[in-house]
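Read the structure below first, then the notes.
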2 protein chains.
Amino acid sequence: MKKLTLKDIASHFGVSISTVSKSLKDSSEISREVKVKIQEYAKEHHYKPNRVALNLLNKTTKAIGVIVPNILNYFFTQVFYGIEQSANARGYTIISCISDESYKKELQTVELLGSGIVDGIILSLSEETQARDNTEHLQNLIENHVPMVLFDRVTEKISCDKIVVDDFEAGYNTTKHLLKTGCNKIAIISTIYNSSVGKLRVEGYKKALRESGFNYDGKNVVEVGKNEDLQLLISLLLDNREIDAIIALDEMTAVDTLNILKLKGITVPDEISIVGFTNGRLSKYVSPALTMVSQHGKYIGELAANILVDRIEYEGEMPFTTKLVKTTLIERDSTKKDQ
Amino acid sequence: MKKLTLKDIASHFGVSISTVSKSLKDSSEISREVKVKIQEYAKEHHYKPNRVALNLLNKTTKAIGVIVPNILNYFFTQVFYGIEQSANARGYTIISCISDESYKKELQTVELLGSGIVDGIILSLSEETQARDNTEHLQNLIENHVPMVLFDRVTEKISCDKIVVDDFEAGYNTTKHLLKTGCNKIAIISTIYNSSVGKLRVEGYKKALRESGFNYDGKNVVEVGKNEDLQLLISLLLDNREIDAIIALDEMTAVDTLNILKLKGITVPDEISIVGFTNGRLSKYVSPALTMVSQHGKYIGELAANILVDRIEYEGEMPFTTKLVKTTLIERDSTKKDQ
DNA sequence: GTGAAAGCGCTAACAG
DNA sequence: CTGTTAGCGCTTTCAC
């Protein structure tokens, strides 16, 4: 026994398919008697209209595709959660895919989702895509008129709706804050030096230093590759120069850095302050609890879903927008108090 | 300009749709000349076959639906990650939904996914579904012959493939381990007392106590509701009885418990040992690092996806299986060493 | 070599 | 009131 179709029901009662269809829609065209028996039969046999057929007919799927680089990163799971909530509230399902920071997987996924199974796409570029700066697959999507919103890791080469964290300002504000607490030998530890996000934060940091009359020293920006030893790099950093604050560009690294400093017998924040990016679950549980920059992931997700659905449902022209979401510094105990 | 279809290409060249279809499949029926020009045109215009149409035709979508109660829980995100990896490797896409621990949302999602848009479903019951013990929606799915695999939070009422963590043994082993390290006044803090998982762990705990000749005391099992104050409950527990070990049934609670004990000036593990469930990212970063029970989330996800795909693709009978996945105790510094 | 026709499951306009 | 028809986009026989 396979899935029940209208045809099956029709032949069971010896009526036409459209009679069944109308009956199930409780159309006034159909006699009470027939409707009732068909409805009962359908209910009894758990008839469900085939959504794939409806999708084909309606040329809409009420689904949106989400592609994030990495679900194990708390920022993205928060965004994902926000998207899910908002999309659902507006009657859309989510098809979610993970690019795993790989260009190839992102490409494949985009091609798949672009082939009609979703009404629109929300995406954050994979690391590799940003490094290679190859965005043809996204251009194709645009040309095929698939609505898309890019968030967090975006590219200028594509015109579409975007939501970006104000990473420049975040870098600037974070640095400013550290300066105000009396730190001025500030280092950055970046695991995302290939991404727009990472670069912008560093730019903001430079600007803040410059404004306060300090020189930017490239050696103070430590780039940590995937398989590199953070502990070694930090030791190198601290051996060669005096440092009184460290900005870690992701949560994991912030926590790792804290532990490494503790291991070295350096007190936080008295000797070195730490600020990390992404206010996830780790940072408030370590001791001292870490001061973090929150990017409001859930909010970004909600925004992305709403903008996308607006575009999907709105007939006619709508200019593309880029929303800049401000970050918030959550002060805890790994930085000194502003005096 | 809308999406390009075979029809569009056909009328552009004044040929029939089937000629175009065959050309794009490089069929030997079609003349070299025609094929080439059609293929080129298609490539140039980024023609993509409409997947929805193909799905309808093939009666298969190469997609699997995943419903997890809560993506913010690290165990589930690990499972999700495992599913995504394995499913992808086998050529399937994931449609993921979050039930948010709500029966209603789970029901809606199941109905949606059961209507033909996926070839099979992987699901872990929402808390509310388990509490109400209402699984009719799943029974419908089975009757409609939608392949399904249940994991972690399962129900006996449904016959299908299942993957369960050996929570009974986990509770048993954890307790045994604590007993061996000299603790015998062991409390449990449970935020999941409504779920099968939570109950099994407590049963295992009872058995271990019994075997070692200790009485089970219901007052030592603290049930923490959603809005209840953990700190208060722990104070109450410790004021009323002597406790030398605490088993927390989720990671968050384990970390919270540790912090509360520290606040109270109780040293861990000397005065009280702590073991937590779900080996996530928090536990190894707090100090002392927490001894945790790992449920191997990613592995469970991979297993679930593989079993489901096997069932989807295998024609003919296949008995339902229930896989029991063993947990592993990851010893860190919140428990005393086995002497 | 190329095209017409049927059909996947469904809806809607139009006949009867 | 009920049925026929066309069509969503595609593939696949089967004619020509």
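Computed over heavy atoms, backbone and side chain alike; hydrogens, waters and symmetry mates excluded. The chains referred to below are lettered A, B, ... by the order of the sequence lines, with proteins before strands, and numbering in each begins at 1.
- A perpendicular orientation is assigned to the rings of Y41(A) and F13(A), their planes being inclined by more than 60° (bins at 30° and 60°).
- Across all strands shown, V52(A) has no heavy atoms under 4.0 Å from either base or sugar-phosphate atoms.
- Salt bridge annotation for D8(B)-K3(B): absent, with no cationic side-chain nitrogen under 4.0 angstrom from a carboxylate oxygen.
- The residues K62(B) and E313(B) are annotated as salt-bridged, a charged nitrogen and a carboxylate oxygen being separated by less than 4.0 angstrom.
- Look at E128(A) and R132(A) and you find a salt bridge, because one of the NZ, NE, NH1 or NH2 atoms lies within 4.0 Å of a carboxylate O, short of that distance.
- For H296(B), there are no ring pair (Phe, Tyr, Trp, His ring centres under 6.0 Å) partners at least two apart in sequence or on another chain.
- With sequence neighbours left out, the side chain to side chain contact (heavy atoms under 4.5 Å, CB included) criterion links N55(B) to V52(A), I117(A), T61(B).
- Every residue meeting the salt bridge (charged side-chain N to carboxylate O under 4.0 Å, His left out) condition with D161(B), not counting sequence neighbours, appears here in chain and number order: R311(B).
- Separating the NZ atom of K3(B) from the P atom of dC8(D) is a distance of 16 Å, rounded to the nearest angstrom.
- Rounded to whole angstrom, the span from the CG atom of D8(A) across to the C1' atom of dC8(C) amounts to 13 Å.
- Ion pairing between R32(B) and D26(B) fails under the 4.0 Å rule for side-chain N and carboxylate O.
- Straight-line distance from the CZ atom of F13(A) to the C1' atom of dT2(D): 15 Å, rounded to whole Å.
- Look at T19(A) and you won't find any side-chain N or O under 4.0 angstrom from OP1 or OP2 of dT2(D).
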Sugar-phosphate means primed atoms, P, OP1 and OP2; the rest is base. With that split, encode nucleotides 10-16 of chain D 5' to 3' as B, S or - using protein heavy atoms under 4.0 Å. BBBBB--
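- Proximity of S16(A) to the phosphate of dG3(D): a side-chain N or O atom is located under 4.0 Å from OP1 or OP2.
- For the pair D26(A) CG and dT2(D) P, the interatomic distance rounds to 13 Å; values are reported in whole Å.
- For the pair L56(A) CG and dG7(C) C1', the interatomic distance rounds to 12 Å; values are reported in whole Å.
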Using a 3.5 Å cut-off and no angle test, enumerate the donor-acceptor pairs between side-chain atoms of residues 94-102 of chain B and protein atoms at least two apart in sequence or in another chain.
from, atom 1, to, atom 2, distance (Å)
S96(B), OG, S96(A), OG, 2.4
D100(B), OD1, Y81(A), OH, 3.2
D100(B), OD2, Q85(A), NE2, 2.8
E101(B), OE1, E127(B), N, 2.7
E101(B), OE1, R153(B), NH2, 2.4
E101(B), OE2, R153(B), NH2, 3.2
S102(B), OG, K104(B), N, 3.3
S102(B), OG, K105(B), N, 3.0

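- At its two ends the helix from dG1(C)-dC16(D) to dG16(C)-dC1(D) runs along axes set 70° apart, each axis drawn from five pairs and the angle rounded to 10°.
- Counting to the nearest Å, the P atom of dC10(C) and the CZ atom of R51(A) are 12 Å from each other.
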